[in-house]
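Just so it is clear: chains get the letters A, B, ... in the order the sequence lines come, proteins before strands, and each one is counted from 1. Values reported hereafter were calculated over all heavy atoms of this structure, with side chains retained and with hydrogens, waters and symmetry mates removed.
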Amino acid sequence: MLSDLNDTLLIARVVALGDKRAFDQLVRRHQSRVRRFFLAQTLGDGQLADDLAQDTFVKAYMGLSHFRGLSSFATWLMSIACRVLYDHTRRTRFTADIDSLSPGSERSFTPDTALRIDLYDALARLRPVERACISLQLIDGLPIERIAEVMSLPEGTVKSHLKRGKDKLSDYLVNNGYDKR
Amino acid sequence: MDMTSDKDQLLTNLFAEASRTELPDNGFSRRVMRSLPTRPERLLRLWSMFCLVVGVVLLVAIGFWRHMMTFAVELTRAFVNAQMPSAEMLVWPVLLAVAIGFVVNEMTMRMES
(Lines give C-alpha, C1' and ligand atoms only; values in the text may rest on other atoms or scores of the structure.)
Protein backbone atom coordinates (compact mmCIF):
# COMPACT_ATOMS: atom_id res chain seq x y z
CA MET A 1 0.00 0.00 0.00
CA LEU A 2 2.78 2.42 0.93
CA SER A 3 4.62 1.65 -2.28
CA ASP A 4 1.39 2.28 -4.23
CA LEU A 5 1.07 5.66 -2.53
CA ASN A 6 4.68 6.48 -3.35
CA ASP A 7 4.07 5.51 -6.99
CA THR A 8 0.99 7.75 -7.09
CA LEU A 9 2.96 10.72 -5.76
CA LEU A 10 5.70 10.17 -8.29
CA ILE A 11 3.16 9.89 -11.12
CA ALA A 12 1.53 13.14 -9.99
CA ARG A 13 4.91 14.89 -10.13
CA VAL A 14 5.55 13.62 -13.66
CA VAL A 15 2.12 14.54 -15.00
CA ALA A 16 1.62 17.87 -13.21
CA LEU A 17 5.17 19.20 -13.19
CA GLY A 18 6.89 17.30 -15.99
CA ASP A 19 9.36 16.06 -13.39
CA LYS A 20 11.52 13.54 -15.24
CA ARG A 21 13.46 12.66 -12.09
CA ALA A 22 10.22 11.35 -10.63
CA PHE A 23 9.80 9.09 -13.65
CA ASP A 24 13.40 7.95 -13.25
CA GLN A 25 12.51 6.80 -9.74
CA LEU A 26 9.52 4.90 -11.11
CA VAL A 27 11.73 3.18 -13.67
CA ARG A 28 14.28 2.18 -11.04
CA ARG A 29 11.55 0.88 -8.78
CA HIS A 30 9.89 -1.31 -11.43
CA GLN A 31 12.65 -2.17 -13.89
CA SER A 32 13.50 -5.52 -12.35
CA ARG A 33 9.94 -6.83 -12.52
CA VAL A 34 9.42 -5.75 -16.14
CA ARG A 35 12.80 -7.02 -17.34
CA ARG A 36 12.32 -10.31 -15.48
CA PHE A 37 8.97 -10.75 -17.22
CA PHE A 38 10.51 -10.22 -20.64
CA LEU A 39 13.47 -12.48 -19.83
CA ALA A 40 11.00 -15.31 -19.30
CA GLN A 41 9.12 -14.45 -22.51
CA THR A 42 12.31 -14.22 -24.60
CA LEU A 43 13.74 -17.35 -22.97
CA GLY A 44 16.73 -15.56 -21.52
CA ASP A 45 17.59 -13.20 -24.41
CA GLY A 46 18.85 -10.32 -22.27
CA GLN A 47 19.27 -7.80 -25.09
CA LEU A 48 15.79 -8.37 -26.51
CA ALA A 49 14.27 -8.38 -23.02
CA ASP A 50 15.86 -5.00 -22.29
CA ASP A 51 14.67 -3.55 -25.60
CA LEU A 52 11.10 -4.64 -24.93
CA ALA A 53 11.30 -3.38 -21.34
CA GLN A 54 12.57 -0.02 -22.57
CA ASP A 55 9.66 0.16 -25.05
CA THR A 56 7.30 -0.53 -22.17
CA PHE A 57 8.62 2.32 -20.05
CA VAL A 58 8.58 4.76 -22.96
CA LYS A 59 4.93 3.89 -23.67
CA ALA A 60 4.16 4.24 -19.98
CA TYR A 61 5.78 7.69 -19.92
CA MET A 62 3.82 8.87 -22.95
CA GLY A 63 0.54 7.53 -21.59
CA LEU A 64 1.04 8.48 -17.95
CA SER A 65 -1.61 11.19 -18.05
CA HIS A 66 -4.16 8.46 -18.89
CA PHE A 67 -3.35 6.44 -15.75
CA ARG A 68 -6.50 6.66 -13.63
CA GLY A 69 -5.29 4.84 -10.52
CA LEU A 70 -8.05 2.22 -10.77
CA SER A 71 -5.32 -0.41 -10.45
CA SER A 72 -1.81 -0.15 -9.06
CA PHE A 73 0.88 1.38 -11.24
CA ALA A 74 2.66 -2.00 -11.32
CA THR A 75 -0.45 -3.67 -12.74
CA TRP A 76 -0.91 -0.91 -15.30
CA LEU A 77 2.75 -1.15 -16.27
CA MET A 78 2.55 -4.93 -16.69
CA SER A 79 -0.51 -4.57 -18.91
CA ILE A 80 1.54 -2.27 -21.16
CA ALA A 81 4.32 -4.89 -21.09
CA CYS A 82 1.83 -7.53 -22.27
CA ARG A 83 0.73 -5.31 -25.16
CA VAL A 84 4.37 -4.68 -26.10
CA LEU A 85 4.96 -8.42 -26.02
CA TYR A 86 1.87 -9.07 -28.14
CA ASP A 87 2.96 -6.48 -30.73
CA HIS A 88 6.45 -7.97 -30.82
CA THR A 89 5.09 -11.48 -31.22
CA ARG A 90 2.88 -10.40 -34.09
CA ARG A 91 5.72 -8.50 -35.78
CA THR A 92 8.27 -11.25 -35.53
CA ARG A 93 5.97 -14.29 -35.46
CA PHE A 94 8.07 -15.33 -32.51
CA THR A 95 7.78 -19.07 -32.18
CA ALA A 96 9.70 -20.27 -29.20
CA ASP A 97 10.16 -23.91 -29.99
CA ILE A 98 13.17 -25.93 -29.01
CA ASP A 99 14.67 -25.70 -32.51
CA SER A 100 14.96 -21.94 -32.24
CA LEU A 101 17.16 -22.19 -29.18
CA SER A 102 20.83 -22.59 -29.77
CA PRO A 103 23.69 -23.16 -27.34
CA GLY A 104 24.98 -19.71 -28.27
CA SER A 105 21.78 -17.89 -27.29
CA GLU A 106 22.66 -14.94 -25.13
CA ARG A 107 21.42 -15.35 -21.59
CA SER A 108 23.18 -12.39 -20.12
CA PHE A 109 21.58 -12.01 -16.75
CA THR A 110 21.45 -15.56 -15.48
CA PRO A 111 24.03 -17.83 -14.08
CA ASP A 112 24.61 -20.73 -16.39
CA THR A 113 22.92 -23.31 -14.20
CA ALA A 114 21.36 -26.49 -15.50
CA LEU A 115 18.07 -25.63 -13.81
CA ARG A 116 17.87 -22.21 -15.41
CA ILE A 117 18.54 -23.67 -18.85
CA ASP A 118 15.99 -26.42 -18.30
CA LEU A 119 13.37 -23.90 -17.19
CA TYR A 120 13.90 -21.84 -20.34
CA ASP A 121 13.74 -25.00 -22.44
CA ALA A 122 10.50 -25.93 -20.70
CA LEU A 123 9.05 -22.45 -21.21
CA ALA A 124 9.96 -22.70 -24.88
CA ARG A 125 7.35 -25.42 -25.23
CA LEU A 126 4.52 -23.09 -24.29
CA ARG A 127 2.52 -20.81 -26.49
CA PRO A 128 3.38 -17.13 -25.86
CA VAL A 129 0.12 -16.48 -24.05
CA GLU A 130 0.62 -19.57 -21.82
CA ARG A 131 4.18 -18.48 -21.09
CA ALA A 132 3.00 -15.01 -20.12
CA CYS A 133 0.34 -16.38 -17.74
CA ILE A 134 2.76 -18.86 -16.21
CA SER A 135 5.50 -16.30 -15.60
CA LEU A 136 3.04 -13.79 -14.14
CA GLN A 137 1.88 -16.44 -11.67
CA LEU A 138 5.01 -18.42 -10.88
CA ILE A 139 7.63 -15.65 -11.11
CA ASP A 140 5.65 -12.50 -10.25
CA GLY A 141 3.30 -14.29 -7.88
CA LEU A 142 0.17 -12.58 -9.22
CA PRO A 143 -3.25 -14.07 -8.39
CA ILE A 144 -5.47 -15.16 -11.27
CA GLU A 145 -7.72 -12.12 -11.12
CA ARG A 146 -4.70 -9.82 -11.37
CA ILE A 147 -3.29 -11.82 -14.30
CA ALA A 148 -6.65 -11.50 -16.03
CA GLU A 149 -6.56 -7.73 -15.48
CA VAL A 150 -2.98 -7.40 -16.74
CA MET A 151 -3.61 -9.48 -19.86
CA SER A 152 -7.16 -8.23 -20.49
CA LEU A 153 -8.45 -11.80 -20.53
CA PRO A 154 -11.37 -13.44 -18.74
CA GLU A 155 -10.38 -15.32 -15.60
CA GLY A 156 -11.60 -18.59 -17.08
CA THR A 157 -9.29 -18.16 -20.07
CA VAL A 158 -6.36 -17.42 -17.77
CA LYS A 159 -7.12 -20.58 -15.78
CA SER A 160 -7.16 -22.63 -18.98
CA HIS A 161 -3.83 -21.20 -20.11
CA LEU A 162 -2.33 -21.83 -16.68
CA LYS A 163 -3.54 -25.42 -16.59
CA ARG A 164 -2.25 -26.22 -20.07
CA GLY A 165 1.01 -24.42 -19.41
CA LYS A 166 1.63 -26.16 -16.11
CA ASP A 167 0.82 -29.56 -17.64
CA LYS A 168 3.36 -29.00 -20.42
CA LEU A 169 5.99 -27.63 -18.03
CA SER A 170 5.70 -30.41 -15.48
CA ASP A 171 5.63 -33.15 -18.14
CA TYR A 172 8.83 -31.80 -19.68
CA LEU A 173 10.59 -31.24 -16.35
CA VAL A 174 9.60 -34.62 -14.90
CA ASN A 175 10.79 -36.34 -18.10
CA ASN A 176 14.08 -34.52 -17.62
CA GLY A 177 14.61 -35.83 -14.14
CA TYR A 178 12.94 -33.27 -11.92
CA ASP A 179 11.11 -35.12 -9.24
CA LYS A 180 7.37 -34.55 -8.73
CA ARG A 181 7.73 -34.51 -4.93
CA MET B 1 -1.96 -37.24 -3.43
CA ASP B 2 -3.62 -34.72 -5.70
CA MET B 3 -1.76 -34.67 -9.04
CA THR B 4 -2.56 -31.01 -9.60
CA SER B 5 -1.10 -29.88 -6.28
CA ASP B 6 1.97 -32.10 -6.92
CA LYS B 7 2.57 -30.30 -10.22
CA ASP B 8 1.96 -26.91 -8.64
CA GLN B 9 4.38 -27.69 -5.84
CA LEU B 10 7.03 -28.90 -8.27
CA LEU B 11 6.74 -25.79 -10.43
CA THR B 12 6.59 -23.45 -7.44
CA ASN B 13 9.78 -25.00 -6.08
CA LEU B 14 11.58 -24.86 -9.41
CA PHE B 15 10.58 -21.27 -10.14
CA ALA B 16 11.26 -20.08 -6.59
CA GLU B 17 14.73 -18.78 -7.41
CA ALA B 18 13.48 -16.94 -10.50
CA SER B 19 10.74 -15.32 -8.45
CA ARG B 20 13.25 -14.03 -5.91
CA THR B 21 15.75 -12.72 -8.46
CA GLU B 22 16.10 -8.96 -8.51
CA LEU B 23 17.85 -7.78 -11.66
CA PRO B 24 20.50 -5.08 -11.08
CA ASP B 25 19.84 -1.86 -12.94
CA ASN B 26 23.23 -1.81 -14.74
CA GLY B 27 22.42 1.45 -16.52
CA PHE B 28 19.02 0.34 -17.78
CA SER B 29 17.19 3.28 -16.17
CA ARG B 30 19.68 5.74 -17.64
CA ARG B 31 19.08 4.29 -21.12
CA VAL B 32 15.32 4.56 -20.66
CA MET B 33 15.55 8.20 -19.56
CA ARG B 34 17.76 9.06 -22.54
CA SER B 35 15.24 7.52 -24.92
CA LEU B 36 12.20 9.40 -23.59
CA PRO B 37 10.61 11.78 -26.08
CA THR B 38 10.08 15.39 -25.04
CA ARG B 39 6.67 15.98 -23.59
CA PRO B 40 5.01 19.23 -24.61
CA GLU B 41 5.73 21.78 -21.90
CA ARG B 42 2.87 23.21 -19.98
CA LEU B 43 3.96 26.73 -20.76
CA LEU B 44 3.96 26.04 -24.48
CA ARG B 45 0.44 24.67 -24.26
CA LEU B 46 -0.75 27.73 -22.36
CA TRP B 47 0.92 29.98 -24.92
CA SER B 48 -0.76 28.14 -27.81
CA MET B 49 -4.14 28.48 -26.10
CA PHE B 50 -3.53 32.18 -25.46
CA CYS B 51 -2.64 32.77 -29.11
CA LEU B 52 -5.77 30.93 -30.19
CA VAL B 53 -7.99 33.07 -27.96
CA VAL B 54 -6.32 36.30 -29.12
CA GLY B 55 -6.74 35.18 -32.72
CA VAL B 56 -10.46 34.54 -32.28
CA VAL B 57 -10.96 37.91 -30.55
CA LEU B 58 -9.13 39.72 -33.34
CA LEU B 59 -11.19 37.97 -35.98
CA VAL B 60 -14.39 39.07 -34.28
CA ALA B 61 -13.10 42.60 -33.75
CA ILE B 62 -12.22 43.16 -37.43
CA GLY B 63 -15.60 41.95 -38.57
CA PHE B 64 -14.41 38.64 -39.91
CA TRP B 65 -17.88 37.16 -39.83
CA ARG B 66 -19.28 39.98 -41.96
CA HIS B 67 -16.69 39.21 -44.59
CA MET B 68 -17.57 35.50 -44.45
CA MET B 69 -21.23 36.30 -44.94
CA THR B 70 -20.37 38.49 -47.91
CA PHE B 71 -18.24 35.69 -49.35
CA ALA B 72 -21.05 33.19 -48.90
CA VAL B 73 -23.45 35.47 -50.76
CA GLU B 74 -20.90 36.11 -53.54
CA LEU B 75 -20.22 32.38 -53.86
CA THR B 76 -23.90 31.61 -54.16
CA ARG B 77 -24.32 34.29 -56.83
CA ALA B 78 -21.26 32.94 -58.64
CA PHE B 79 -22.70 29.43 -58.76
CA VAL B 80 -26.04 30.74 -59.91
CA ASN B 81 -24.43 32.87 -62.64
CA ALA B 82 -21.66 30.31 -63.36
CA GLN B 83 -18.97 32.87 -62.52
CA MET B 84 -15.82 32.74 -60.34
CA PRO B 85 -16.04 34.81 -57.14
CA SER B 86 -13.69 37.79 -56.97
CA ALA B 87 -10.16 37.31 -55.65
CA GLU B 88 -10.74 39.63 -52.68
CA MET B 89 -13.55 37.40 -51.53
CA LEU B 90 -11.25 34.37 -51.38
CA VAL B 91 -8.78 35.85 -48.88
CA TRP B 92 -10.84 35.31 -45.74
CA PRO B 93 -11.92 31.75 -46.52
CA VAL B 94 -8.30 30.84 -47.24
CA LEU B 95 -7.20 32.38 -43.95
CA LEU B 96 -9.98 30.52 -42.18
CA ALA B 97 -8.91 27.23 -43.77
CA VAL B 98 -5.31 27.82 -42.70
CA ALA B 99 -6.40 28.64 -39.13
CA ILE B 100 -8.58 25.51 -38.94
CA GLY B 101 -5.74 23.41 -40.31
CA PHE B 102 -3.39 24.81 -37.67
CA VAL B 103 -5.82 24.11 -34.84
CA VAL B 104 -6.55 20.57 -36.05
CA ASN B 105 -2.83 19.89 -36.40
CA GLU B 106 -2.16 21.15 -32.85
CA MET B 107 -4.96 19.05 -31.41
CA THR B 108 -3.78 15.98 -33.29
CA MET B 109 -0.23 16.43 -32.02
CA ARG B 110 -1.46 16.78 -28.45
CA MET B 111 -3.60 13.67 -28.72
CA GLU B 112 -0.66 11.70 -30.08
CA SER B 113 1.54 12.86 -27.21
### Message
Treating A:R35 as the side-chain partner and B:F28 as the backbone partner, does any N or O pair qualify as donor plus acceptor under 3.5 Å?
### Response
no

### Query
Atom CZ of A:F57 and atom OG of B:S35: how far apart are they, to the nearest 0.5 Å?
10.5 Å

### Message
Return the CZ to OG distance between A:R29 and B:S29, rounded to the nearest 0.5 Å.
### Response
12.0 Å

### Query
Would A:D50 and B:R31 satisfy side chain to side chain contact (heavy atoms under 4.5 Å, CB included), going step by step from the backbone distance to the final call?
CA-CA 10 Å; A:D50 264 16; B:R31 288 193 295 278; 3.2 Å; yes

### Task
Could you check B:T21 against A:R116 for side chain to side chain contact (heavy atoms under 4.5 Å, CB included), going step by step and ending with a plain yes or no?
CA-CA 12 Å; B:T21 301; A:R116 189 79 60 168; 4.0 Å; yes

### Task
Before accepting this row, confirm whether a basic side-chain N of the pair B:R30/A:D24 lies closer than 4.0 Å to the acidic partner's carboxylate O.
no

### Query
Salt bridge or not for B:E22 and A:R33, using N-O below 4.0 Å?
no

#### Entry: A:F37-A:Y86 co-clustered via ILVMFWY side chain contacts under 4.5 Å
no

### Message
Can a donor-acceptor pair be found, under 3.5 Å and without considering hydrogens, that links the side chain of A:Q31 to the backbone of B:L23?
### Response
yes

### Message
Are the side chains of A:D140 and B:S19 in contact, using a 4.5 Å heavy-atom criterion?
### Response
no

### Task
Rounded to the nearest 0.5 Å, what's the gap from CD on B:E17 to CG on A:L119? Could you check?
9.0 Å

### Message
For chain B, which candidate among A:A53, A:A40, A:A122, A:G141 shows the most heavy-atom pairs at distances under 4.5 Å?
### Response
A:A53

### Summary
Greatest number of non-hydrogen atom pairs under 4.5 angstrom with chain B, of A:L115, A:L173, A:D171, A:V27, falls to A:V27

### Task
Start with the C-alpha distance between A:Y178 and B:L11, add both sets of side-chain angles, then the distance that settles side chain to side chain contact (heavy atoms under 4.5 Å, CB included), and finish with yes or no.
CA-CA 10 Å; A:Y178 291 92; B:L11 295 174; over 6 Å; no

#### Entry: Atom pair CZ/CE of A:R28 and B:M33 - distance to nearest 0.5 Å
9.0 Å

### Query
Out of curiosity, does A:L70 fall in the hydrophobic cluster containing A:L64 (side-chain heavy atoms, cut-off under 4.5 Å, transitive links)?
no

### Task
Flag yes if B:F50 and B:L58 sit in one hydrophobic cluster, no otherwise; membership is Ile, Leu, Val, Met, Phe, Trp, Tyr, and two members link when side-chain heavy atoms are under 4.5 Å apart.
yes

### Heavy-atom contact with chain B under 4.5 Å, split by part of A:D167
both

## Note on the structure
Taking every heavy atom of B:P37 against every heavy atom of A:M62, the minimum-distance pair comes out as CG-SD, 3.1 Å

